[in-house]
Amino acid sequence: MNLIVVLNFLSLIVYGIAIYIIFKTLVRRPNYRGEGIFVLILAIIPCYISISNLFEHGYGIDYFDDYEGFFKDLYVMFLLIFLYVHSVKKEQTKRIEHERQIKSDLQLKSKLLTEIHHRVNNNLQIISGLLAMQAESENDLKLTTSLGLVQNRIMAIASVHKIIYGSPNLLYVDLNLIFNSILTNLKVMYVTDKNNIELTESIEEGLEMDLDRAIPMGLILNELVSNSFRHAFLNRNHGRIEVNLTQRQNEFIFVVKDNGLGMKEILFDGKGIGLTLVKNLVKQLRGTMLIEKKNGTVFEIRFPTFNQNPIQI
């Protein structure tokens, strides 16, 4: 028995052990079967070469030599296929890990943003409470009214933050929720047993707005409706305020109208603080505002549906 025979015999034993280990691994771990099949084939093909050498150098039979070239080419082909599959799977694994990391970072960022809105809302609630306590301690009606107006504006901002941190979407907020929250606060403050002022709302379903425009929108709503409550029905204890929001093509149409006394000239000229605030906020929304004195006062505000400079998260 010469050295070549011994070496090939030992090689067969090593290949056999390798085939057994690979097969056992494939059975236990199915996720490796893609690459594992090629590894198994790459372990089986050299067995033919070793068997051919055993017959040639051990028994003088060279019958298998005619096919050695074919099996060597086959080995090279499967090796190349294995390297390609391995590289693809490795790249895919990296991509999956990268995507997992991105999702983790987004979840963390979402939690941080939610916590920020939650804390802002809490702080605004504290400020609103302090203003309410201060207003109760004052005997000056004008000062108390002014503090009440400031408190209303703060509550409008707080309502938006409260809706944001309770929403799964941190980029857009449901306008129905904002309108319902702010209008409910205004009803609690202005509608009493002594008056019969009806506040109705008609908000188109499914309307959403980006966050950096949601707060100005809420302030405009709060300002216009509270102004109607305070100024439109001074000499009467009944009336009607209507709030409408619709979307037409690429713009929102927001309308607040009442059947009250009509806006005073000083307010109509834009000299009132509330109306000045509204005009500045409409400008911030890149919108236009139309004011009409027709059986009361009508405010019609139009602004683009999409923000040209949205916030980036």
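Counting from 1, the numbers follow the sequence of the chain as shown.
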Should we count [atom1] of [X] as having more than 12 external heavy atoms under 6.0 Å?
X	atom1	answer
Tyr190	OH	yes
Lys283	NZ	no
Lys187	NZ	yes
Asn123	CG	yes

Any side-chain heavy-atom pair from [X] and [Y] closer than 4.5 angstrom?
X	Y	answer
Ile49	Phe71	yes
Leu183	Val225	yes
Arg153	Leu277	yes
Ile291	Leu275	yes
Ile220	Leu285	yes
Asn244	Phe254	no

Measure across [X] and [Y] and return the closest heavy-atom pair with its distance rounded to 0.1 Å.
X	Y	answer
Arg240	Asn259	N-OD1, 2.8 Å
Pro46	Tyr75	CG-CE1, 3.7 Å
Asn176	Glu204	ND2-O, 3.1 Å
Thr305	Gln249	OG1-O, 4.1 Å
Ile253	Arg248	CD1-CG, 3.5 Å
Pro304	Arg213	O-NH1, 2.8 Å

Output, in order, the C-alpha distance, side-chain angles, deciding distance and verdict of salt bridge (Lys or Arg N to Asp or Glu O under 4.0 Å) for Lys89 and Glu91. CA-CA 5 Å; Lys89 188 173 182 179; Glu91 184 67 26; over 6 Å; no

Decide if the gap between the ring center of Phe252 and the ring center of Phe306 is smaller than 6.0 angstrom.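 Here the rings of Phe306 and Phe252 have centres that are no less than 6.0 Å from each other.
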
Side chain of [X], backbone of [Y]: donor and acceptor closer than 3.5 Å?
X	Y	answer
Ser50	Cys47	no
Thr297	Lys293	no
Ser104	Arg100	no
Ser181	Ile178	no

Are [Y] and [X] co-members of a hydrophobic cluster defined by side-chain heavy atoms under 4.5 Å apart?
X	Y	answer
Ile37	Ile19	yes
Ile127	Val160	yes
Leu80	Met77	no
Leu130	Met189	no
Met155	Val243	no

Measuring from [X]:[atom1] to [Y]:[atom2], what's the distance to the nearest 0.5 Å?
X	Y	atom1	atom2	value
Ile157	Asn152	CD1	CG	11.5 Å
Ile182	Ser159	CD1	OG	5.5 Å
Met217	Asp212	CE	CG	14.0 Å
Ile301	Leu221	CD1	CG	9.5 Å
Leu40	Tyr20	CG	OH	14.0 Å
Gln247	Met209	CD	CE	9.5 Å

Between Val278 and Val282, is a side chain to side chain contact (heavy atoms under 4.5 Å, CB included) present by the stated rule, with each step listed? CA-CA 6 Å; Val278 171; Val282 171; 4.1 Å; yes

Run Tyr15 and Ile44 through side chain to side chain contact (heavy atoms under 4.5 Å, CB included) and show every step you take. CA-CA 7 Å; Tyr15 292 144; Ile44 292 174; over 6 Å; no

Test Leu207 against Asp174 for side chain to side chain contact (heavy atoms under 4.5 Å, CB included), laying out the working first. CA-CA 6 Å; Leu207 297 184; Asp174 189 342; 5.7 Å; no

Pair Asn227-Arg230, side-chain donor/acceptor within less than 3.5 Å: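 Yes, side-chain donor-acceptor contact under 3.5 Å.
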
State whether Arg95 and Glu97 are salt-bridged, where the test is any N-O pair (Lys NZ or Arg NE/NH1/NH2 against Asp/Glu carboxylate O) under 4.0 Å.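 Looking at Glu97 together with Arg95, the answer is no, because their closest N to O distance does not fall below 4.0 Å.
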
Side chain to side chain contact (heavy atoms under 4.5 Å, CB included) between Leu199 and Phe229, worked out: CA-CA 9 Å; Leu199 175 59; Phe229 272 117; 4.1 Å; yes

